[in-house]
Structures are given as structure tokens and as C-alpha cells.
Amino acid sequence: MRTNVFRLGDEIAAAIEAQTPVVAMESTIYSAFGLPDPANREALARCEAAIRAAGAVPAMTAVIDGVSVVGVASGNETERVLAGTTKIAARDLGHAHATGLDIGVTTVSASVTLAARAGVAVFATGGIGGVHRDVAQTGDISHDLLAIARHRVVTVSAGAKAFLDLGRTLEEFETLGVPVVGWNTDRFPAFYTRDSGHPVTMTVQTGAEVASILAANRELGHPGGVLVANPLPEADELDAVRIDAAIADALADAERQGARGPGVTPAVLGAIAAATEGDSVPANLALAESNARVAAEIAVAVADV
Ligand code: PSU
Ligand code: MN
């Protein structure tokens, strides 16, 4: 039996020891599942710089040689992760270990699980998974939602991908008992656009407010995490009509390709990038960086509580 199931990167272990704020990051969006090369590298560099500039340490999660890692080292280890071709959700972590998987890129559900295991309270992503529009036929609901509900970690996201059923995604969060907190907004963002038309459950302006929600939930014994919904910067917003048309085409495309299960999200993201002639990519980079910055501000506040 392999003994090493989990490890912290050296810098993260030292940061946790010194009580320096840490922000966990997923790795699926920085792989070919999320963004084309070299946009993936640029996204990672911008997110890490934003986190450091705000006074926190970035900790990307991944599976490396069968070990679940929080804090992938820069250089060769990061290169291997960016080139990863196996998508790992929370339920896959055990199997990845048992088989000694060389590289696995972690989704939101896996990253939140590993952040909780590491004692890291804040996690930044681009957009979470959610309830798919064809859920009545497929039953497709991302495990991201249950993982966020299960672990006491703050997830910062630009809403959920616009190709999902956002109304039903929000209903699911209500069912699961997850507060959906708007960062300087009372509307749930739709990833490429700032307003999905759906309200959030509450609005906050500061990291301290989020830290206070987390602390209160802990004190009250309310389990699970908080979703912070951060709209992408106004300057990077895409035209809603254009993106809706691209999404409709992308969903039809993914269906034609016969994408199923974990293959659906990457197929649809690729088709949206093609349909918008790449305009979705800078928007994706800008929102990931903005989420990283907000997550770091929250992590700094959490460390202060
Ligand atoms: N949104 C993006 N890019 C991504 C993802 C979401 O813009 O790469 C990834 C995230 O890792 C998320 C996952 O956790 O897709 C959800 O996959 P699924 O729908 O199979 O649960
Ligand atoms: Mn799914």
C-alpha cells in the first residue's frame, strides 16, 4: 500500500505554520480542460501574482504521482500539472492514489476537499460547476455543489458557468444550506456577464464580513462552506446576447460530439471559445484574476479573526 496520500508544498507548510494567509486554487482551469495554451499559463501567473500582492500565498491543488498535493511547486511540477489530461473530482482522489496516477488536475470539488484537509479556509476558482440545463434528462449536477456544502471553506467564483441552469443551481445551494454571498452586488453573476437576473442571498463589501460569516457558522455548528459570487470586472464583460447565442451553439455542439459526464464542461467551454472567436478567453482570465484578488483579501481577513 502507498503511504503518502496527501502532502503540503514546502512554501504552504511554512505559511500555515507561520499563520500567513493561504489561498487554495484548483488546477483544471489551468489545464487544457479549462483554457488553451498559453492563456492557461497567463491565467496562473496573474492569479498567483494577485494573491501575493494582497499578502497571501497561492496554493494550487493537484494529484502528483498518486499524492494529493496542496501547493504545487513552481517549475517542473507546475509544468507537469498544466499538461495534465486526467480530470479529478473529489470522488476520484482515492482511485488516483490507489493507482499511482502520474498527474491529475483537480476540479472545484476536489480542491475544496483538499483545502479543508490542509486547513486552508479560502479557495479561488473561475466558475463552479452546477445544475446542467438538461438535468431532467441527464441528472447532471456537478459534485462541486455538495463539496462546497460539505467543507468549511469559502469558495470565490464569478458565479457559475452561464451554460448551466443558474436558477436551479441557486435552488440547490439553498437546499444544501450554502449561503451565496454577492461581492459588492445583489445579483448572482453569470461568469461572462455580471448579472444573471437572479438575486444572491446577501451582499458583502469586505473580506472581514465574509470572515465573520465563516466564524459565526463555525461557532453555531452550521457545517459547510460559503460561496462568494464576484462579478467579472465591467471592462471585461461580454455582450449578453452574443454569449447566449454562443452558448446555445456550444451546447448543441457538445451534444453532437456525444460529450458525457465529466467531458461535458470541457467540450462546452471549448465550443464557446471557438464561437466567440476567442473573446471568452480574456474574459475568463480577467475573472480568474479578480477572484484570486478577492479570495486573498478574504484570506487576510480570516487570518485576522
Ligand atoms: N469553469 C471554467 N473552466 C473550468 C471549469 C469550470 O470556466 O475548467 C471546471 C472546474 O474545475 C469545475 C469543473 O469544478 O469544471 C466542473 O466540472 P463538472 O461539470 O464535470 O462537475
Ligand atoms: Mn457533471
Side-chain angles (χ1 to χ4, degrees), residues 9 11-12 15-16 20-31 33-35 39-62 69-72 74 78 81-82 105-130 142 144 147-148 151-161 178 180-185 189 191 204 206-207 210-211 213-214 225-233 236 283-303:
E11 191 189 6
I12 304 311
I16 290 174
T20 305
V22 173
V23 173
M25 298 157 70
E26 62 158 313
S27 45
T28 298
I29 56 168
Y30 307 109
S31 76
F33 288 117
L35 285 163
N40 62 336
R41 264 157 232 291
E42 186 187 337
L44 180 61
R46 282 169 61 178
C47 289
E48 291 187 335
I51 290 167
R52 288 191 194 278
V57 179
M60 184 162 67
T61 68
V69 176
V70 174
V72 174
S74 53
T78 291
V81 170
L82 296 188
V105 291
T106 41
T107 66
V108 169
S109 68
S111 303
V112 164
T113 303
L114 295 178
R117 170 70 180 75
V120 172
V122 186
F123 162 67
T125 180
I128 56 168
S142 175
D144 290 357
I148 291 168
H151 300 287
R152 195 167 274 133
V153 171
V154 176
T155 293
V156 182
S157 146
K161 251 62 55 59
V178 175
V180 178
V181 176
W183 184 263
N184 287 306
T185 182
F191 201 67
V204 297
T206 63
V210 179
I213 292 171
L214 200 65
V226 174
L227 180 69
V228 172
N230 174 36
L232 86 168
D236 299 291
N284 212 328
L285 263 56
L287 68 84
E289 181 183 21
S290 171
N291 291 344
R293 184 179 308 113
V294 169
E297 188 176 331
I298 295 168
V300 168
V302 168

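These figures come from a predicted structure and were not determined experimentally. Numbering of residues begins at 1 and proceeds along the displayed sequence.
Residues meeting the side chain to side chain donor-acceptor pair (under 3.5 Å) test with N284, sequence neighbours left out: none. Considering only residues two or more places apart in sequence or on other chains, A116 meets the side-chain contact (heavy atoms from CB on, under 4.5 Å) condition with H151, V153. Remark: A121 pairs with L214, V302 by the side-chain contact (heavy atoms from CB on, under 4.5 Å) rule, at least two apart or across chains. Taking the side chain to side chain donor-acceptor pair (under 3.5 Å) definition, one finds that R117 meets it with nothing, sequence neighbours left out. Remark: P231 engages T185, P189, R194 in a side-chain contact (heavy atoms from CB on, under 4.5 Å) (not counting sequence neighbours). In this structure, the side chain to side chain donor-acceptor pair (under 3.5 Å) partners of S109, at least two apart in sequence or on a different chain, are T107. Every residue two or more places apart in sequence or in another chain that forms a side chain to side chain donor-acceptor pair (under 3.5 Å) with R46 is listed here: E42, E289. By the side-chain contact (heavy atoms from CB on, under 4.5 Å) test, A15 pairs with T20, V22, V57, sequence neighbours left out. R152 pairs by the salt bridge (Lys or Arg N to Asp or Glu O under 4.0 Å) definition with nothing, not counting sequence neighbours.
One side chain, T106 or T61, offers a donor N or O that lies under 3.5 Å from an acceptor on the other. S157 and N291 form no side-chain donor-acceptor contact under 3.5 Å, judged by distance and modelled atom types alone.
Taking the side chain as every heavy atom from C-beta outward, N230 and S290 approach each other to under 4.5 Å. A 4.5 Å side-chain heavy-atom check between F123 and V23 finds every atom pair outside the cut-off. Contact check for C47 versus M25: side-chain heavy atoms found under the 4.5 Å cut-off. Proximity of T125 to T155: side-chain heavy atoms (C-beta onward) are separated by under 4.5 Å at one or more points. Contact annotation: the side chain of V181 never approaches that of L227 to less than 4.5 Å [non-hydrogen atoms, C-beta and beyond]. Between V204 and W183 there is a side-chain heavy-atom pair separated by less than 4.5 Å. Y30 places none of its side-chain heavy atoms less than 4.5 Å from the side chain of V81.
Nearest heavy-atom pair across L232 and D236 is CD1-O, 3.4 Å. Here the closest non-hydrogen pair linking I16 and A118 is CD1-O, 3.5 Å. Across all their heavy atoms, D144 and G129 have their closest contact at OD2-N, 2.7 Å. The nearest pair of heavy atoms linking L285 to A39 is CD1-O, 3.7 Å.
Between E48 and R293, none of the side-chain N atoms (NZ, or NE/NH1/NH2) sits under 4.0 Å from a carboxylate O, so this pair counts as no salt bridge.
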